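Okay, so here's the structure we're looking at.
These figures come from a predicted structure and were not determined experimentally. Counting begins at 1 with the first residue of the sequence.
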Amino acid sequence: MQWLLLVEDDEAAAALITARLADSPWRIERAVTLGQTYARLENVGDEGPAAILLDLNLPDSEGFSTVSALIGMVPHLPIVVITGILNDELRLQVVESGAQEFVLKSHLDDLELLVSTAIARQRHRNHALAMAVTAGMRSQGSAETPSSLLDTNPLLRRSANAVASLRESLPQVFDQFAARYRTILDRSIEAASYRGHERPVADIKQMARDLGVINCAPRDVVDIHLGVLEDLAQVVHPERVIAMAEEGRVVAMELMGYLALHYRDHAPFRFGSVGTT
């Protein structure tokens, strides 16, 4: 049975929302702080919530920073903000930041329909992002992403299972990134060895952006780097492997740097502390 994560510290409001969804297809689990929400989402495995119902004012976070922080952590889960604050400017800000719905606590009659709509919208958004990543990979000459990955919504699974590495959760996508990294590494070595060859900075930046879109972490960059070197060690002369390892450290650090910039620009609270306002 699918479930919803209700993030609400007020007992009366939580009881009202739960009652409104009593006949829905979802079971309700609850957190009362942003810190509890983080802990719950980090330990869900593959069975993440279908959506998050979020109050903006919590004991450890208030206002717009609450939804910003949560979107930064799980950008591919649908978030329905349920609040008692009637503020058109805030509503627009919340929706533009990535939340799917903004609902007043005094208007919960159609809550089940609103949650269903939010889930459907997020599914289409994730699919569009997956298609964009796939197109980027194809333009780089990588193998096509199997359609089955898109059909099963890999980005949603990726964000729900935050503790799993890219290599573990999406091995085919990992292999595609590894192929891109190998190409970048070859071009970077050529640039270092031959005058007139430019370093593939644009390709490094694009790969970092694509890694960021599917919520990758620095450890995924390390996994890609080490995986490529392990494969090369089986087929390339040892001196060549040493040279690629040296250049690879530079490329990997650049990837991590651009990945950090991506999160700063698109999800500023991704690595922030709980309760940041």
Are Leu229 and Ile242 connected in the hydrophobic side-chain network, where two residues link if heavy atoms are under 4.5 Å apart?
no
From the list Ile52, Ile17, Thr37, side chain to side chain contact (heavy atoms under 4.5 Å, CB included) with Leu6 holds only for Ile17
Give, for atom OG1 of Thr83 and atom NZ of Lys105, the distance between the pair rounded to the nearest 0.5 Å.
6.0 Å
What's the separation between atom CG in Leu70 and atom CD1 in Ile79, rounded to the nearest 0.5 Å?
4.0 Å
To the closest 0.5 Å, what do you measure between CZ (Arg199) and CD1 (Ile189)?
10.5 Å
Exam field: side chain Asp60 to backbone Gly35, donor-acceptor pair closer than 3.5 Å
yes
Answer yes if Leu54 and Ile85 sit in the same cluster of Ile, Leu, Val, Met, Phe, Trp and Tyr residues linked by side chain heavy atoms under 4.5 Å apart, and no otherwise.
yes
For a quick test of reading the model, state the closest non-hydrogen atom pair linking Val80 to Ala118 and the distance between them.
CG2-CB, 3.7 Å
Honestly curious: do Leu77 and Met73 fall in one hydrophobic cluster under the side-chain, below-4.5 Å linking rule?
yes
Is a side-chain N or O of Asp110 found less than 3.5 angstrom from the main chain of Leu113, in a donor-acceptor match?
no
Hey, are the side chains of Pro78 and Val115 touching, using non-hydrogen atoms and a 4.5 Å cut-off?
no
Which atoms form the tightest heavy-atom contact between Ala99 and Ile71, and what is the distance?
N-CD1, 3.5 Å
Should Val94 and Leu104 be counted in the same cluster of Ile, Leu, Val, Met, Phe, Trp and Tyr side chains packed under 4.5 Å apart?
yes
With sequence neighbours excluded, tell me which residues meet salt bridge (Lys or Arg N to Asp or Glu O under 4.0 Å) with Glu11.
Arg30
Is there side-chain contact between Arg209 and Lys205, with heavy atoms separated by less than 4.5 Å?
yes
Value rounded to 0.5 Å, distance of CD1 in Ile204 from CG in Leu259
13.0 Å
Check the pair Met244, Val228 against side-chain contact (heavy atoms from CB on, under 4.5 Å), reporting the backbone distance first and the verdict last.
CA-CA 10 Å; Met244 298 190 83; Val228 167; 5.8 Å; no
Hydrophobic cluster membership, with links at side-chain heavy-atom distances under 4.5 Å among I/L/V/M/F/W/Y: are Ile224 and Leu185 in one?
yes
So which heavy atom on Ile184 is nearest to which on Asp203, and how close?
CD1-O, 3.8 Å
Sub-4.5 Å side-chain heavy-atom contact between Thr66 and Val81
no
If you look at every heavy atom in Phe102 and Asn87, which pair is closest and at what distance?
CZ-O, 4.5 Å
Taking atom CD of Gln2 as the centre, does the number of heavy atoms from other residues, nucleotides or ligands within less than 6.0 Å exceed 12?
no
Looking only at non-hydrogen atoms, find the nearest pair between Ala245 and His225 and report the distance.
O-CE1, 4.1 Å
To the nearest 0.5 angstrom, please state how far the CG atom of Leu86 sits from the CZ atom of Arg91.
9.0 Å
Has Tyr258 got a side-chain atom pairing as donor or acceptor with Met207's backbone, closer than 3.5 angstrom?
no
CD of Glu101 to CG of Leu114: how many Å apart, nearest 0.5 Å?
5.0 Å
Mind running salt bridge (charged side-chain N to carboxylate O under 4.0 Å, His left out) on Arg182 and Asp231 for me, showing each step along the way?
CA-CA 10 Å; Arg182 167 68 189 275; Asp231 290 343; over 6 Å; no
Picking from Val7, Leu5, Leu21, what satisfies side chain to side chain contact (heavy atoms under 4.5 Å, CB included) with Leu53?
Leu21
Glu246: partners by side chain to side chain donor-acceptor pair (under 3.5 Å), with sequence neighbours left out:
Arg249
State, with a plain yes or no, whether a side-chain heavy atom of Asp220 is found less than 4.5 Å away from one of Phe177.
no
Donor-acceptor contact below 3.5 Å, side chain Asn57 vs main chain Gly63
yes
For Ala14, does its backbone N or O pair with a side-chain atom of Thr18 as donor and acceptor, under 3.5 Å?
yes
Can you name the closest pair of heavy atoms from Arg167 and Asp223 and give their distance?
NH1-O, 4.2 Å
